[in-house]
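What follows is a short report on a single structure.
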There are 2 protein chains.
Amino acid sequence: MHHGTVTTPGGIGPRLRELREARGLSLSEVARRAGIGKATLSGLETGVRNPTLETLYAVTAQLGVPLSAALAAAPAQRVSGAAVTATLLRTFEEQGCTFELYRLVVAAGARQVSPAHQAGVTEDLTVFAGALRTGSADAPLLVGAGEHASWRADVPHVYEAVGGTDVQASLLIRTPSAR
Amino acid sequence: MHHGTVTTPGGIGPRLRELREARGLSLSEVARRAGIGKATLSGLETGVRNPTLETLYAVTAQLGVPLSAALAAAPAQRVSGAAVTATLLRTFEEQGCTFELYRLVVAAGARQVSPAHQAGVTEDLTVFAGALRTGSADAPLLVGAGEHASWRADVPHVYEAVGGTDVQASLLIRTPSAR
DNA sequence: TGTTGGTGTTTCATAAACGGAACGCTCACG
DNA sequence: CGTGAGCGTTCCGTTTATGAAACACCAACA
């Protein structure tokens, strides 16, 4: 790019190396299977090269990992508030609706209120660890690990970690297409 | 690459164009903001070029979209059985556990039994549409839209869409690290 | 009907990613 | 000790992605 400093965003190279070594495969082996040069894979893993999408795909396909997983260490879009850090995992466009799947981390003991979204928006939340008080601000639900909650997001809603630990959760926001 | 045919996996180019146009931005504008050449972005969107990871990142960052979302149309790793299509959305490595987040589609009326996983594996499933009978094969649970189920996966487990429609769900598999 | 300001595409020299081959290295085996 | 097979890195000529600029096109406006 115009300023020739560090190239690859995130630690994709090291991450690929981890994935490869976790499978007990040698660099030479993966390069051969993927049909790319050893030099290419070496440079990719050590970060001295800035791989082509095609190259990256050839490698991740061989490792049996989707590209998105390999890019997991790359800076994802995050929406951080006082208490909540949301990482957009994926979006779907589905028959008139947009789904946005987030991973949520709510800091221990913290609380955050989100403003209302547009009409028709619903949120589905699953807690994997910790306990979360969440839902519409006037009638929040207590959701423990392994539990699920759902509410309409066209009113203000709240997130509050009630245990002494951070809350890990997944959040699916369903937005009807405005068009 | 060695055989110079179609390069970019999936329809990343067209997808980026959609994302850009959905935001009402011109190609020139995005190229300028992203600090890349118009020729590059043009070639990227039309699919005649095979972009560098760095280029791709510059564009997606400008569009406010994580790389993984831009790659959503790319062929993700799928595990298909008789009834279930599972798309790996993302993996986390978290304090001694590996989390794998899948999107599940269970064909209407179909049924599939999965063999037992290793000891300690748990599965958390959230249904977004349809109704699913799932869980351990001898004691399955009925899970409707918006509901959640959780079970230990070290015994055989079953997936069965009971309504007349396909079931859309998310599945989180938690695997304690063997090391 | 210029002319200006925008669009997206194409041309082109340069820079860089590419694969093949050579390198140095470690380890297993005779 | 060889020495052969594997490893990951480095060298190097070829391929190709890159950005600046020129291009054709369109709409607004004097």
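So that the names make sense, note that chain A is the first sequence line, chain B the second, and so on, each numbered from 1.
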Open item on the list: Could you report the tightest heavy-atom contact between B/Arg17 and B/Leu27, atom names first, then the distance?
Closed with: NH2-CD1, 3.8 Å
Open item on the list: Closest approach to the side chain of A/Ser28, judged atom by atom: which nucleotide of D/dC7, C/dG19, C/dG8 is it?
Closed with: D/dC7
Task: For atom CG of B/Leu44 and atom P of D/dT16, their distance in whole Å - done: 17 Å
TODO: Please confirm whether the backbone N or O of A/Lys38 pairs with a side-chain atom of A/Ser42, one donor and one acceptor, at under 3.5 Å?
DONE: no
- [ ] Grab the CD-P distance between A/Glu54 and C/dA17 for me, whole Å please.
- [x] 15 Å
- [ ] Provide, to the nearest angstrom, the distance between the CG atom belonging to A/Leu56 and the P atom belonging to C/dA17.
- [x] 13 Å
- [ ] Flag the pair A/Leu25 / A/Gln62 as yes when at least one side-chain heavy-atom distance between them is below 4.5 Å, and no otherwise.
- [x] no
TODO: Find the distance A/Asn50:CG to C/dC18:P and express it as a whole number of Å.
DONE: 8 Å
Open item on the list: Any side-chain N or O of A/Arg20 below 4.0 angstrom from OP1/OP2 of D/dG8?
Closed with: yes
- [ ] Would you mind reading off the distance between B/Leu41 atom CG and C/dT10 atom C1', rounded to a whole angstrom?
- [x] 15 Å
Open item on the list: Need to verify one output field. Residue with the more 5' nearest nucleotide on DNA chain C, B/Ser26 or B/Thr52?
Closed with: B/Ser26
Task: Rounded interatomic separation in angstrom, taking CD1 from A/Ile36 and P from D/dT9 - done: 13 Å
Task: Out of D/dA17, D/dG8, C/dT10, whichever nucleotide has its closest atom nearest the side chain of B/Ala39 - done: C/dT10
Open item on the list: Quick check against the 3.5 Å criterion: does B/Ser26 have a side-chain atom that pairs as donor or acceptor with the backbone of B/Glu29?
Closed with: yes
TODO: Determine whether A/Val105 and A/Leu125 fall in the same hydrophobic cluster, where Ile, Leu, Val, Met, Phe, Trp and Tyr are linked whenever their side-chain heavy atoms lie under 4.5 Å apart.
DONE: no
TODO: Kindly say if B/Arg17 contacts the phosphate of C/dT9, meaning a side-chain N or O under 4.0 Å from OP1 or OP2.
DONE: yes
TODO: Report yes if a side-chain nitrogen or oxygen of A/Thr40 is closer than 4.0 Å to either non-bridging phosphate oxygen (OP1 or OP2) of C/dA17; otherwise report no.
DONE: no
- [ ] Can you tell me the distance, in whole Å, between the CZ atom of B/Arg49 and the C1' atom of C/dC12?
- [x] 11 Å
Open item on the list: Expressed as a whole number of angstroms, how long is the span from A/Lys38:NZ to C/dC25:C1'?
Closed with: 12 Å
Open item on the list: Measuring to OP1 and OP2 of D/dG8, would you say a side-chain N or O of A/Thr46 lies under 4.0 angstrom away?
Closed with: no
